[in-house]
K.L.:
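My questions will all concern the structure given below.
Residues take their numbers from the sequence shown, with the count starting at 1. These numbers were taken from a predicted model, which means no experiment stands behind them.
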Amino acid sequence: MMQRSIRARLTASYLLLVSACLILVATFVTWRLQVQYMTTYRSVILTQARLISRMLQEYGQEGGTSPARLERMAQEFKWRPEATISVLAESALATMDRAVAPDLYAVAACVARGDRTADCARENMHRDANGQVRIFAAAPVVVPGQPLAIVRVSVPTGWVWVQLRRMIPQLGLGLAIGLVVAWVVGWLLARSLVEPIDELTAGAARISGGDLSQPVRPHGADEIARLGDMFNRMADRLRGMISSLSAERTKLEAIVSGMMDGVVATDREGAVILANQAATELLRAPGASDSGNVTPPLGPRLRTVLAEAATQGRVTAEELPPAEVGNRLVEVHCAPIAGDGGAPIGAVAVLRDVTELRRLERLRRELTANVSHELRTPLTSIKGFAETLLGGAMRDESTCRRFLEIIDKEANRLVKLVDDLLDLSRFEDNRVILDLGQVDVGQLVEETVARLRPLAGSRDFELNAPPEDVIAVADRDRLAQVLTNLLDNAIKFTPDGGRISVIWRCSNGEVEVAVADAGPGIAEQDLPHVFERFYKTDRSRAATPGGGSGLGLAITKHIVEAHGGRIRVSSTPGKGTVFTFTLPRNGD
């Protein structure tokens, strides 16, 4: 397409240039012909006036001096209907405008000076009373010793244009022949210029396809031939560079493939350019067969981390959520790959499986301080009140009822604690199957708020709904459990008269939900631990009446991450806390 376009542009340029030259020549020739015709025509009219004057002069010498007879005789010389011939007595000049009849006044002045009669003829061209451009010629009629009259001949200049119009077809034919010849010559010239470019283009296509063995052989010794020689030299250098790079890549792959940790490198567009066997095995989905594809599947969070490093130069060290790599926990250290000038051209990530390490840490933490403490508190309370009742307090009906209510409340705490532990255990062992479906997030938020509103008392709910419906692919019951945990916490730690805000929207291809309370907030040093099981902040939330078991946020995090999402918390002491979680819109 480009080759034909170049040929067309060259031909069109040549044709346009020749056309402009031909038009200029035709215009100049027409103008010169018009000038020449007009000059000749004026001379002919002047000669005609002299001839008529001479004939009338001969007639006047024979006795025919009456102006009327001279006028009739002059009309015999009229050769066209448009021509006018008039014989004017010299005395008639006094009644005529000098601007309308300058030729007559010039003839009269010449005769008055005594010049020869043949030299006193005059002609000029001007508009008549009707606005028509005409040629006027005047000559005196002089009998021996006395001027008798003045002959005036007038014709329109339109006759000149009639003659020129007869030549226009011939000029048009000449222009057409010239354009055809110009097009043929231009096409041949463009073809001679484009054919070497076609050969260079074919050579460049072979080089881009990896074929560096066939050199380009343009004909001649002009600039295009020198360009072809540069193409051949470039192909030779490319062969050497590719051979050197292949050797270096082989060495690098041998080193990386022997590493125990997974290594993944990507370019700025996120395409995997290097991955060792450890990374392929680590990132492959559980149960997936090895189909010979050496490119490991990258989860959304890992892709995000690599993209941030490749485009922003950010160094990251974090733990991927379990949904990224099945039931394993992977610690990723990501850094940019610097190119020429220090600008990032890609990213490399080192992956390490820390599943067993995190499991051991979690078991130690749960089986020592957390579980024993959470179980001891309600059991001690139940045992204390039961012993008090057995010691005689049961005889007082009001005291007995109050103690039994406390025992029932503590027993319910134990039941909820056990249920939460079972839920948590099922999530950690990947024994929870999500019933995914399309969930209207706004509708679910409104239903959850309506269910918890009786517990809010004087606290106010503020729902910030987006203009469009927000649909997520999620397990509706589990998503309701997440909202219930977050809203229940917000109710517990928001003072009376405070406001609880819920915001949901679509952001960057994800569904984002935020729950903000107006409570005392969480200290900065406690924020990294709020999603750990049994964790309670000492200063802000531990002393709150009716505090939970410390498992709600841990379960919430597991539910969100099981959906492939993320949850985070931000807080300003004294101004409240905001919990935000995101879910993929497509359920990945």
K.L.:
Is the side chain of Arg352 donor-acceptor paired with the backbone N or O of Gly262 at a distance under 3.5 Å, no angle test?
P.N.:
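Checked: no pair found.
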K.L.:
Could you tell me the separation between the OG1 atom of Thr266 and the CG atom of Leu298, rounded to the nearest 0.5 Å?
P.N.:
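One finds 7.5 Å between OG1 of Thr266 and CG of Leu298.
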K.L.:
Considering residues at least two apart in sequence or located in another chain, which fulfil the salt bridge (Lys or Arg N to Asp or Glu O under 4.0 Å) criterion with Asp477?
P.N.:
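Asp477: no salt bridge (Lys or Arg N to Asp or Glu O under 4.0 Å) contacts found.
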K.L.:
Please give me the minimum heavy-atom distance between Ser571 and Gly576, naming the atom from each residue.
P.N.:
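Where Ser571 meets Gly576 most closely, the heavy atoms are OG-O, 3.1 Å.
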K.L.:
Between Leu487 and Val449, does a side chain to side chain contact (heavy atoms under 4.5 Å, CB included) hold up when you go through it step by step?
P.N.:
CA-CA 8 Å; Leu487 289 172; Val449 169; 3.9 Å; yes
K.L.:
Quick check for you: to the nearest 0.5 Å, what is the distance between Asp261 atom CG and Glu331 atom CD?
P.N.:
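Reported to 0.5 Å precision, the distance equals 9.5 Å.
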K.L.:
Counting neighbours of CD on Glu524 that are heavy atoms of other residues, nucleotides or ligands and sit closer than 6.0 Å, is the number greater than 12?
P.N.:
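No, the 6.0 Å shell around CD holds no more than 12 heavy atoms from other groups.
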K.L.:
If we check side-chain contact (heavy atoms from CB on, under 4.5 Å) with Leu479, which of these qualifies: Val445, Leu583, Leu434?
P.N.:
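The side-chain contact (heavy atoms from CB on, under 4.5 Å) with Leu479 is passed solely by Leu583 among Val445, Leu583, Leu434.
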K.L.:
Between Ile491 and Ala456, what is the shortest heavy-atom contact and its length?
P.N.:
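Smallest heavy-atom distance, with atoms named: CG2-CA, 3.9 Å.
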K.L.:
To check you understand the geometry: which heavy-atom pair defines the closest contact between Ala349 and Val332, and what is its length?
P.N.:
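Here Ala349 and Val332 meet closest at CB-CG2, 3.8 Å.
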K.L.:
Which residues pass the side-chain contact (heavy atoms from CB on, under 4.5 Å) test with Ala307, sequence neighbours left out?
P.N.:
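In terms of side-chain contact (heavy atoms from CB on, under 4.5 Å), with neighbours along the sequence ignored, Ala307 is linked to no residue.
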K.L.:
For Arg268, enumerate each residue passing the salt bridge (Lys or Arg N to Asp or Glu O under 4.0 Å) test, keeping only those at least two apart in sequence or located in another chain.
P.N.:
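Salt bridge (Lys or Arg N to Asp or Glu O under 4.0 Å) check on Arg268 returns nothing, list empty.
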K.L.:
Could you measure the distance from the CG atom of Leu486 to the CG atom of Leu553? Nearest 0.5 Å is fine.
P.N.:
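Leu486 CG to Leu553 CG: 6.5 Å, rounded to 0.5 Å.
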K.L.:
Output all residues satisfying side-chain contact (heavy atoms from CB on, under 4.5 Å) with Gln443, sequence neighbours left out; order by chain, then residue number.
P.N.:
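Expected list: Asp440, Glu447.
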K.L.:
Looking at CZ of Arg301 and OG1 of Thr304, how far apart are the two atoms once the value is rounded to the nearest 0.5 Å?
P.N.:
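Output value for this atom pair is 5.5 Å.
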K.L.:
Decide side chain to side chain contact (heavy atoms under 4.5 Å, CB included) for Leu483 and Leu444; before the verdict, give the C-alpha distance in whole Å, the side-chain angles of both, and the deciding distance to 0.1 Å.
P.N.:
CA-CA 9 Å; Leu483 291 171; Leu444 185 60; 3.9 Å; yes
K.L.:
Answer yes or no: is there a side-chain heavy-atom contact under 4.5 Å between Leu320 and Leu302?
P.N.:
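A side-chain contact under 4.5 Å exists here.
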K.L.:
Do the non-hydrogen side-chain atoms of Leu306 and Cys334 ever get within less than 4.5 Å of each other?
P.N.:
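They are in side-chain contact.
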K.L.:
Kindly write out the residues that satisfy ring-ring contact (aromatic ring centres under 6.0 Å, His included) with His333, not counting sequence neighbours, or none if the list is empty.
P.N.:
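If we apply the ring-ring contact (aromatic ring centres under 6.0 Å, His included) test to His333, skipping adjacent residues, there are no hits.
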K.L.:
Working to the nearest 0.5 Å, report the span between CG of Leu351 and CG of Leu283.
P.N.:
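One finds 5.5 Å between CG of Leu351 and CG of Leu283.
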K.L.:
Identify which one of Asn485, Thr484, Asn489 satisfies the side-chain hydrogen bond (donor to acceptor under 3.5 Å, both in side chains) criterion when paired with Thr556.
P.N.:
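Answer after filtering Asn485, Thr484, Asn489: Asn485.
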K.L.:
Test of understanding: with salt bridge (Lys or Arg N to Asp or Glu O under 4.0 Å), list the residues that count as partners of Arg451, not counting sequence neighbours.
P.N.:
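Salt bridge (Lys or Arg N to Asp or Glu O under 4.0 Å) list for Arg451, sorted by chain: empty.
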K.L.:
Taking it one step at a time, do Arg499 and Thr494 satisfy side chain to side chain contact (heavy atoms under 4.5 Å, CB included)?
P.N.:
CA-CA 7 Å; Arg499 175 173 294 180; Thr494 298; over 6 Å; no
K.L.:
Of Val515, Val513, Thr448, Val560, which is the lone residue that meets side-chain contact (heavy atoms from CB on, under 4.5 Å) with Val482?
P.N.:
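Passing option: Val560.
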K.L.:
Which heavy-atom pair separates Pro495 from Gly519 by the least distance, and what is that distance?
P.N.:
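Closest heavy-atom pair between Pro495 and Gly519: CD-CA, 4.1 Å.
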K.L.:
Once side-chain contact (heavy atoms from CB on, under 4.5 Å) is applied, do any residues pair with Asp488, and if so which ones, sequence neighbours excluded?
P.N.:
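Partners of Asp488 by the side-chain contact (heavy atoms from CB on, under 4.5 Å) criterion, ordered by chain and then number, come out as Lys492.
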K.L.:
Got a second to check how far Phe581's CZ is from Trp504's CH2, nearest 0.5 Å?
P.N.:
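These two atoms lie 11.5 Å from each other.
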K.L.:
Show the nearest heavy-atom pair for residues Ile522 and Asp526, with the distance to one decimal.
P.N.:
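Of all heavy-atom pairs spanning Ile522 and Asp526, the closest is CG2-CB, 3.7 Å.
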K.L.:
Okay, side chain of Asp496, backbone of Ser458: is any donor-acceptor separation there less than 3.5 Å?
P.N.:
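No.
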K.L.:
Who pairs with Asp353 by side chain to side chain donor-acceptor pair (under 3.5 Å), at least two apart in sequence or on another chain?
P.N.:
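Result, side chain to side chain donor-acceptor pair (under 3.5 Å) vs Asp353: Thr355.
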K.L.:
List in chain and number order the residues that pass side-chain contact (heavy atoms from CB on, under 4.5 Å) with Ser19, two or more places apart in sequence or in another chain; answer none if no residue qualifies.
P.N.:
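Checked Ser19 against side-chain contact (heavy atoms from CB on, under 4.5 Å); matches are Leu15, Leu179.
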K.L.:
Ignoring hydrogens and angles, write down the donor-acceptor pairs under 3.5 Å from the side chains of residues 462-469, residues two or more places apart or on other chains.
P.N.:
{"from": "Glu462", "atom 1": "OE1", "to": "Ser501", "atom 2": "OG", "distance (Å)": "3.2"}

K.L.:
Is there a donor-acceptor pair closer than 3.5 Å between any side-chain N or O of Thr582 and the backbone N or O of Gly565?
P.N.:
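The answer is no, because no donor-acceptor pair under 3.5 Å joins these two groups.
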K.L.:
Counting only heavy atoms not in Gln438, do more than 12 sit closer than 6.0 Å to its CD atom?
P.N.:
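For Gln438, atom CD is not crowded (no more than 12 foreign heavy atoms under 6.0 Å).
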K.L.:
Taking Arg478 for the side chain and Asp475 for the main chain, is one N or O donor matched with an acceptor at less than 3.5 Å?
P.N.:
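Not at all, since once roles are kept as given, no pair shorter than 3.5 Å links the two residues.
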K.L.:
Between Gln481 and Ile555, is any pair of side-chain heavy atoms under 4.5 Å apart?
P.N.:
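Yes; the side chains approach each other to less than 4.5 Å.
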K.L.:
Are the side chains of Leu436 and His563 in contact, using a 4.5 Å heavy-atom criterion?
P.N.:
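Yes, close enough: below the 4.5 Å cut-off.
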K.L.:
If you look at every heavy atom in Thr577 and Gly521, which pair is closest and at what distance?
P.N.:
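The pair with the smallest heavy-atom distance is OG1-CA, 3.5 Å.
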K.L.:
Does any pair with a residue in residues 506-515 pass salt bridge (charged side-chain N to carboxylate O under 4.0 Å, His left out), and if so which ones, sequence neighbours excluded?
P.N.:
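Every pair satisfying salt bridge (charged side-chain N to carboxylate O under 4.0 Å, His left out) with a residue in residues 506-515: Arg505-Glu512, Glu510-Arg566, Glu512-Arg568.
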K.L.:
Got a sec, which residues hit salt bridge (Lys or Arg N to Asp or Glu O under 4.0 Å) with Asp435, two or more places apart in sequence or on another chain?
P.N.:
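Per chain and number, Asp435 pairs via salt bridge (Lys or Arg N to Asp or Glu O under 4.0 Å) with no residue.
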